[in-house]
Amino acid sequence: MTERVSVMKILVVFGTRPEAIKMCPVIKELKIHDEIETIVCVTGQHKEMLNPILDTFQISADYNMDVMRSRQSLFDITKDVLIKMRAIVQEEKPDIVLVHGDTTSAFAAALASFYMKIPVCHVEAGLRTYDQYSPYPEEFNRQAVDAISALFFAPTEAAKNNLIKEGKIKENIYVTGNTAIDALDITVSDQYTHELLQWADKSRLILLTAHRRENLGSSMINMFSAVRETMEEFEDIKVICPMHLNPDVREIVREQLGSMNRVKLTEPLDVVDFHNIMKRSYMVMTDSGGIQEEAPALGKPVLVMRNTTERPEGVRAGTLKLIGTEKESIKTAMCELLTNKKLYQTMAESKNPYGDGKASKRIVQALLDRWEKQDVWRL
Ligand code: UD1
Ligand code: UDP
């Protein structure tokens, strides 16, 4: 039997709401193991939208780079994270850096690790649209992170196949499921109640979000005006729209939906509220990535207001429908889902393709196995 080499020091870096929701289950699993020392570093790319998630999952950050500024640019985030990461890596000397997904925090943290020759391991690796402006800049970010990663935690076989096609070594790719499903196991409860659910009680509830950078402007105006116009035709629907804190998003939402009395525009919801309200909703409309993974697990049809998706599994399973960002296409898709019972049933009953809620365990086990073999740490 091989003897354990030593304690493995892992620096986990993330900065936005969805990364926090999907990395907290991994951190909780890492912390179970005495053979691992876990250092949690948040970039602070998000602030108000990030901190409550750490509280919910009872995780405290060892470092907070605190980079967020109002209306921050990609330049701001990239340079601040890159420079601040250097000092933290110098201080901690981790054996690996673990990043998630496709944000600019993940990209800049991975780049800094690469510059300092620390192996990067990528959670939610291999998602692709192969259109570098959609989503923007996420498609570039995830390809760039994968270009320098040592180990790849692919949520699905399709993601693994993308990585293999790009020439990544098969033995370094682990299909784990998506850690978003692990998070749902922690947040969703049958006993959950909320005043918003009482407000929507007798109606069909649509949960609505949008925030993507490439949709700011006319596409986002199309989304919210399509919802407003369709609502006029269906008196039994109510809409909950938790507004992203980006001021440019909020301006459009308020302008298009602010005067509707069957619409609640709220602050970003706590993750427990959001997941449970999604579970009680009739359908979801969004341009979000993470919501495309959660909704299939909760049996909720999703109209994806984008032209591309890196989550084709949900489309193939039947839960997600890609409807573009034109006003007419959005209105048509809404009307169809609100009137065609058979279509609704088919979308609601399809099978969740994103895993069994044990992704974090698989990720941590793979890290331990590789640490024991010491075969990704030779640079
Ligand atoms: C970021 C990610 C995106 C991810 C999204 C999740 C990049 C380039 N974008 O986009 O991939 O889908 O997070 O939500 O990495 N703001 C606050 N408080 C907060 C968070 C944001 O006030 O807690 C405001 C600030 O004005 C900030 C703006 O929102 O400048 C935009 O935030 P930013 O992280 O740049 O973009 P997101 O659209 O959130
Ligand atoms: N979410 C939340 N509160 C909200 C809106 C979304 O907790 O008010 C959660 C949602 O359940 C999902 C994640 O935030 O886990 C998605 O974040 P977002 O849409 O901002 O980013 P993306 O997934 O598109 O990168």
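Owing to the predicted nature of the structure, the values given are computational and were not obtained by experimental measurement. Counting from 1, the numbers follow the sequence of the chain as shown. Just so you know, ligand 1 is whichever comes first in the structure, and atom 1 is the first atom listed for that ligand.
Ligand-side atoms of ligand 2 in range of S288: 16 (C), 18 (P), 19 (O), 22 (P), 23 (O), 24 (O), range being under 4.0 angstrom from any heavy atom. With ligand atoms numbered from 1 in the order given, ligand 2 contributes 2 (C), 3 (N), 4 (C), 7 (O), 8 (O) to contacts under 4.0 Å with heavy atoms of L269. Distances below 4.0 Å separate heavy atoms of P268 from the following atoms of ligand 2: 8 (O). The R212 neighbourhood of ligand 1 comprises atoms 11 (O), 12 (O), with distances under 4.0 Å to a heavy atom of that residue. Under a 4.0 Å criterion applied to the non-hydrogen atoms of P247, ligand 1 contributes the atoms 26 (O). Per-residue contacts place K47 under 4.0 angstrom from the following atoms of ligand 1 (heavy atoms of the residue considered): 19 (C), 23 (O). Against a heavy-atom cut-off of under 4.0 Å, S70 is close to the following atoms of ligand 1: 26 (O), 30 (O). Those atoms of ligand 2 with a heavy atom of G289 less than 4.0 angstrom away are 22 (P), 23 (O), 24 (O). Atoms of ligand 2 found under 4.0 Å from any heavy atom of E294 (numbered from 1 in listed order, with element): 10 (C), 11 (O), 12 (C), 15 (O). For ligand 2 and P242, the ligand atoms under 4.0 Å from any heavy atom of the residue are 8 (O). Each of the atoms 11 (O), 15 (O) of ligand 2 lies under 4.0 Å from some heavy atom of H275.
At least one N or O atom of G290, backbone or side chain, sits closer than 3.5 Å to an N or O atom of ligand 2. Taking distance alone, with nitrogen or oxygen atoms compared against 3.5 Å, H244 stays at or beyond that limit from ligand 2. For the pair R17 and ligand 2, the shortest N or O to N or O distance falls below 3.5 Å. At least one N/O-N/O distance between R213 and ligand 1 falls below 3.5 Å. At least one N or O atom of T104 sits closer than 3.5 Å to an N or O atom of ligand 1. In terms of polar-atom proximity, D287 is not counted as a contact of ligand 2, lacking any N or O under 3.5 Å from an N or O of the ligand. Taking any N or O of Q72, backbone or side chain, at least one lies under 3.5 Å from an N or O belonging to ligand 1. Ligand 1 has no N or O atom lying under 3.5 Å from any N or O atom of L74, backbone or side chain.
The protein atom (non-hydrogen) at minimum distance from atom 25 (O) of ligand 2 is P18 CG, 3.3 Å. The protein heavy atom nearest to atom 26 (O) of ligand 1 is R71 N, 3.0 Å. The nearest protein atom to atom 21 (C) of ligand 1, hydrogens excluded, is given as H46 CD2, 3.7 Å; this is a heavy-atom distance. When only non-hydrogen protein atoms are considered, atom 34 (O) of ligand 1 lies nearest to Q45 NE2, 2.9 Å. In this structure, the protein non-hydrogen atom closest to atom 18 (P) of ligand 2 is H211 NE2, 3.7 Å. Remark: minimum distance from atom 22 (O) of ligand 1 to any protein heavy atom is reached at M68 CE, 3.5 Å. Considering only non-hydrogen protein atoms, atom 11 (O) of ligand 1 sits nearest to E138 OE2, 2.5 Å. At the shortest separation from atom 18 (N) of ligand 1 among protein heavy atoms lies E48 OE1, 2.7 Å. Of all protein heavy atoms, the one lying nearest to atom 31 (C) of ligand 1 is N246 ND2, 3.9 Å. The shortest contact between atom 27 (C) of ligand 1 and any protein heavy atom is with R69 O, 3.6 Å.
Residue nearest to atom 9 (C) of ligand 2, selected from I21, T103, V272: I21 (by heavy-atom distance).
Residue L196 forms a side-chain contact (heavy atoms from CB on, under 4.5 Å) with just one option from I240, L207, L205, and that option is I240. Put simply, the residue from R128, K160, K165 that forms a salt bridge (Lys or Arg N to Asp or Glu O under 4.0 Å) with D146 is R128.
Ionic pairing of E267 and R250 is present here: one or more N-O contacts between side-chain nitrogen and carboxylate oxygen are shorter than 4.0 angstrom. A salt bridge links R362 with D356; the closest basic N to acidic carboxylate O contact falls under 4.0 Å.
Atom CD of Q90 sits in a crowded spot, with more than 12 heavy atoms from other residues, nucleotides or ligands closer than 6.0 Å. Annotation for Y136: atom OH does not count as buried by contact number, only 12 or fewer foreign heavy atoms lying within 6.0 Å. For CZ of F57, the number of neighbouring non-hydrogen atoms (other residues, nucleotides, ligands) closer than 6.0 Å is greater than 12. Annotation: K28, atom NZ; neighbour count of heavy atoms from other residues, nucleotides and ligands within 6.0 Å is above 12. In this structure, Y130 places its OH atom where more than 12 heavy-atom neighbours from other residues, nucleotides or ligands lie under 6.0 Å away. More than 12 heavy atoms of other shown residues, nucleotides or ligands fall within 6.0 angstrom of atom CD1 in I32. Shown here is E235, whose CD atom has no more than 12 heavy atoms of other residues, nucleotides or ligands within 6.0 Å.
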List the steps and the verdict of salt bridge (charged side-chain N to carboxylate O under 4.0 Å, His left out) for D76 and R69.
-> CA-CA 8 Å; D76 298 327; R69 304 175 195 182; 3.4 Å; yes
Would D287 and R306 count as a salt bridge (charged side-chain N to carboxylate O under 4.0 Å, His left out) if you check the C-alpha gap in whole Å, the side-chain angles of each, and the deciding distance to 0.1 Å?
-> CA-CA 6 Å; D287 67 359; R306 291 175 47 180; over 6 Å; no
Could you please spell out the steps behind the salt bridge (charged side-chain N to carboxylate O under 4.0 Å, His left out) verdict for E293 and K22?
-> CA-CA 11 Å; E293 293 146 353; K22 296 187 211 174; 2.8 Å; yes
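Contacts of P137 with ligand 1, taken as heavy-atom pairs under 4.0 Å, involve the side chain alone. When non-hydrogen atoms are compared, ligand 1 lies under 4.0 Å from the side chain of T16 (C-beta onward) but not from its backbone. Under 4.0 angstrom from ligand 2, there are no non-hydrogen atoms of K22. Contacts of M49 with ligand 2, taken as heavy-atom pairs under 4.0 Å, are absent altogether. Heavy atoms of P18 found under 4.0 angstrom from ligand 1 belong exclusively to the side chain. Of the heavy atoms in I77, only side-chain atoms (C-beta onward) come closer than 4.0 Å to ligand 1. Counting heavy atoms under 4.0 Å from ligand 2, residue R212 touches it through the side chain alone.
Residue-ligand proximity: E293 is placed with every non-hydrogen atom at 4.0 Å or more from ligand 2.
Residues M231 and I323 fall within the same hydrophobic cluster, defined by Ile, Leu, Val, Met, Phe, Trp and Tyr side chains chained together at heavy-atom separations under 4.5 Å. Side-chain heavy atoms closer than 4.5 Å link hydrophobic residues (I, L, V, M, F, W, Y) into clusters, and following such links, possibly through other members, connects L11 to M116.
Ring pair H211/H244 is parallel by interplanar angle, where below 30° counts as parallel and above 60° as perpendicular. Using cut-offs of 30° and 60° on the angle between ring planes, the pair Y282 and Y344 is parallel.
In this structure a side-chain-to-backbone donor-acceptor pair under 3.5 Å is missing from S149 to F152. Under a 3.5 Å cut-off, the side chain of T38 and the backbone N or O of I10 do not form any donor-acceptor pair.
Annotation: Y133 is not in aromatic contact with F140 [ring centroid separation under 6.0 Å not met].
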